[in-house]
There are 2 protein chains.
Amino acid sequence: MKTEKLLLIPGPTMIPEKILNAMNTQAVGHRTEYFENIIKEVTIKLKKVFRTERDVYILTSSGSGAMEASVANFINEGDKTLVLVNGKFGERFASLNKVYGADLNEIIYPLGVPVNPDDVESFLEKNPETKAVFMQQNETSSTILNNVKAIAAVVKKYDALLIVDSVSGLGVTEMKMDEWGIDVIAAGSQKAFMLPPGLAFVAVSEKAEKKLSSCGNKRYYFCLKAAKKNLEKSTTPYTPATSLIRGLDTSLDMILEYGIEKNYEKQEKYTKMLREAFKTIGLSMVVENDQAASRAVTGVYVPEGVKWSEFERILSEKYNVLVAGGQDELKGKIFRVGTIGYLGDLDILSGIAAIEMALFESGYIFELGNGVSAAQKILIGRGKN
Amino acid sequence: MKTEKLLLIPGPTMIPEKILNAMNTQAVGHRTEYFENIIKEVTIKLKKVFRTERDVYILTSSGSGAMEASVANFINEGDKTLVLVNGKFGERFASLNKVYGADLNEIIYPLGVPVNPDDVESFLEKNPETKAVFMQQNETSSTILNNVKAIAAVVKKYDALLIVDSVSGLGVTEMKMDEWGIDVIAAGSQKAFMLPPGLAFVAVSEKAEKKLSSCGNKRYYFCLKAAKKNLEKSTTPYTPATSLIRGLDTSLDMILEYGIEKNYEKQEKYTKMLREAFKTIGLSMVVENDQAASRAVTGVYVPEGVKWSEFERILSEKYNVLVAGGQDELKGKIFRVGTIGYLGDLDILSGIAAIEMALFESGYIFELGNGVSAAQKILIGRGKN
């Protein structure tokens, strides 16, 4: 009878009943005091998640819209930029830099390797005129966690802005915008915020805001100057996704009540459970270094002899669990298990159990239950450190 | 006890329970066969509302995003364009043309006056190299209905594309994209579709699609070439607003079951009810000509002696009815009553009753009930023609 899918993908994520109910209400006028108060409240709470005193703009778009905004509003034709690439979303930042006419430089890392802050240092030393450095905190496609704090410590010695895509990182992994000195952060609703897709966020530092005013690029819908002017009146330049913003209000209450730090720990625990489980049953991890492993999504190589499409079909149809495959050239080679959104300890355990069975049934032979057992030990505090 | 607002604004509009329920479901993976089937179904149904056999792209943005897409993808630096302006959204098309570097020409009409097709003819005769003509079907700010059919008949004799913002027109007033020869139509979710804001649509003719491929403008998120490539696989380039798309599926079922033609008639009837009611109690209409009056929103001058803010406060706080004010230089001078979304005959009647009382209480003295009575006569088929 139960056919609801357990989403262990890196977004959209499972949504709590409370948030569904908050969105399940009649329409509201967006140009009303009532809705302006919601925008005001939501903005105050968002700042707590971004750890910033600066403006956070709400866009009605997917996360890629926030990525475009964080390029279009800060980069002018011919500006030298550095894009740090360790996956598909890094490539997207590079494409966006090309679209907006940047003098683009890229440092491209092999699969599974995080950004090395020393590479950034030596690039900026040689190219102090660089206008901006772009990176992902969490590169969803290759399941890497980059060390934003260490890179920020390097970039802040130079004029360049540090622009971070944290669409799948914010709320999942520690992020201290003001303290670390990050200039622009892009985020989205369908990850740690446990909402459906449709909202994106951009936070802008004082240093970045000054560049904003001199930006002469082609943009309209994603113009952050318009967003800023409107936010001063607790509104948005264009009709916002009102139902999602009501959901966001509830989401932020839940996140702040649970505790951001506590949530970081939870995400780390779930990641450890998955990694120990998969290693125990003999699978290879896309990211070998535990410290550089994403806390939003865990990447695993599809074992030899197993066909991804067969494994995915069994997992989805027989066990109602969705995981993500590899994208583009990684299709069929890796699979990715999300740990974000509204998930509890037992969801992770039953996800591991289902993945075990689907792997077994698609031809990978091992002792069933060993992965689950390794994860259980971590849950009761007796796992490996 | 009842404090729910009756939304008589030109969007967001009231949402039927059925659509709320369709959206009130757990998250789904957007890269799944299940969701691809929804996109496929929804696209087939959307085409029936646009009256087109051509592609209709779904964007996750507000209607202004669709407006930007319908400029950015068809206009190159230096292209001669004509923008027909009879309100704020016409001005938005003009701004977008400037942002994208068009050689912009405008025909600007006084308040309350629709576009005259003869003006378009004489412009195109003198400027046959014009690349595109931009217009609103329904100009929400000044409550005007432009005659798209007549203008299309003119434009199709020339090379220019006809690009129509029908964000608040589609589903409200007759629109036959293929038959009339319209090249691009932009629309949004929070108007006739009875959905919350957050989705926008762009339909593209064969003639326009050919120009699409040669478009060299700066755009990424709103790139329709990417949308086209993805729609072939029943998907979207970026994570779509999945919950709103599920609502859209239900909305389209409701619209098609009720009948598009029948809905046009309903919208015309509601507009007539409002206009007769307001005229009967001595108010002046922003658009004098009944034929050129929007069927989505009716504009009325605030009578002398009445303060808009006072009238609005009483209407909203005492009677729980929201209408819209004038925008920018029209603020305080006109008010606008929406007739779109999930509204029944009695909602219009009670809206009129509430407006009567709020006007009376803010100092406009007349025989209460006369407006309601005029509208009742139309409802039972005994009104003026």
Side-chain angles (χ1 to χ4, degrees), chain A residues 4-5 7 9 11-15 20-21 23-32 34 59-65 67-69 71-72 92 95-96 99-101 188 190 194-199 217-223 236-244 247 316 322 324-325 341, chain B residues 4-5 7 9 11-15 20-21 23-32 34 59-65 67-69 71-72 92 95-96 99-101 188 190 194-199 217-223 236-244 247 316 322 324-325 341:
Chain A
E4 202 175 64
K5 302 281 183 196
L7 297 186
I9 54 177
T13 66
M14 304 301 285
I15 304 167
L20 285 171
N21 289 341
M23 296 187 296
N24 187 27
T25 40
Q26 252 312 329
V28 286
H30 60 298
R31 304 279 183 224
T32 55
Y34 174 78
L59 308 173
T60 294
S61 75
S62 61
S64 299
M67 287 179 72
E68 179 155 0
V71 175
R92 182 162 296 173
S95 299
L96 278 161
V99 165
Y100 286 92
Q190 78 277 23
M194 309 174 286
L195 287 167
L199 290 180
N217 264 294
K218 288 182 178 175
R219 62 210 155 21
Y220 192 88
Y221 187 75
F222 291 123
C223 175
T236 54
Y238 312 111
T239 313
T242 47
S243 61
L244 296 178
S316 168
L322 288 192
Chain B
E4 200 174 65
K5 301 280 182 196
L7 297 186
I9 54 177
T13 66
M14 302 301 283
I15 304 167
L20 285 172
N21 289 340
M23 296 187 294
N24 187 26
T25 39
Q26 251 315 326
V28 285
H30 61 297
R31 304 281 184 223
T32 55
Y34 173 79
L59 308 174
T60 295
S61 75
S62 61
S64 299
M67 288 179 71
E68 177 156 1
V71 176
R92 182 163 295 175
S95 299
L96 277 162
V99 165
Y100 286 93
Q190 78 277 23
M194 308 175 287
L195 286 168
L199 289 180
N217 264 294
K218 288 183 178 175
R219 63 211 153 22
Y220 191 89
Y221 188 75
F222 292 123
C223 175
T236 54
Y238 312 110
T239 313
T242 47
S243 62
L244 297 177
S316 167
L322 287 193

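The backbone N or O of B:Ser316 lies less than 3.5 Å from a partner atom in the side chain of B:Lys5, making a donor-acceptor pair. Under the 3.5 Å distance criterion, the side-chain polar atoms of B:Thr60 are left unmatched by any main-chain donor or acceptor of A:Ser62. Under a 3.5 Å cut-off, the side chain of A:Gln26 and the backbone N or O of B:Ile15 do form a donor-acceptor pair. Judged purely by atom type and a 3.5 angstrom limit, A:Tyr221 has no side-chain atom pairing as donor or acceptor with the backbone of B:Met67. For A:Tyr34 (side chain) and A:Gly29 (main-chain N/O), no donor-acceptor pair under 3.5 Å exists by modelled atom type.
For B:Thr236, no part sits under 4.5 Å from any heavy atom of chain A, backbone or side chain. The contact between B:Leu322 and chain A is made entirely by side chain atoms (from C-beta outward), counting heavy-atom distances below 4.5 Å. For B:Thr13, the part lying under 4.5 angstrom from a heavy atom of chain A is the backbone only. Contacts between B:Leu244 and chain A at a heavy-atom distance below 4.5 Å involve the side chain alone, from C-beta outward. For a residue to count as touching a neighbouring chain, one of its non-hydrogen atoms must lie under 4.5 Å from one of that chain's; by this rule A:Arg92 touches chain B with backbone and side chain alike. Contacts of B:Leu7 with chain A are made by side-chain atoms alone, with heavy-atom separations under 4.5 Å and no backbone atom involved. At a 4.5 Å heavy-atom cutoff, the contact between A:Thr25 and chain B is made by backbone atoms alone.
Annotation: the span from A:Leu20 atom CG to A:Met194 atom CE amounts to 11.0 Å, rounded to 0.5 Å.
With chain B as partner, the option from A:Asn21, A:Leu59, A:Val28, A:Ile9 having the largest number of non-hydrogen pairs under 4.5 angstrom is A:Val28. Chain A forms more heavy-atom pairs under 4.5 Å with one residue of B:Gly11, B:Pro12, B:Gly341, B:Pro240 than with any other, namely B:Pro12. Taking B:Gly198, B:Ser243, B:Ser64, B:Pro196 one by one and counting their heavy-atom pairs under 4.5 Å with chain A, the maximum is reached by B:Ser64.
Using the six-membered ring where Trp is involved, A:Phe222 and B:Phe222 have ring planes that are parallel, under 30° apart on the 30 and 60° scheme.
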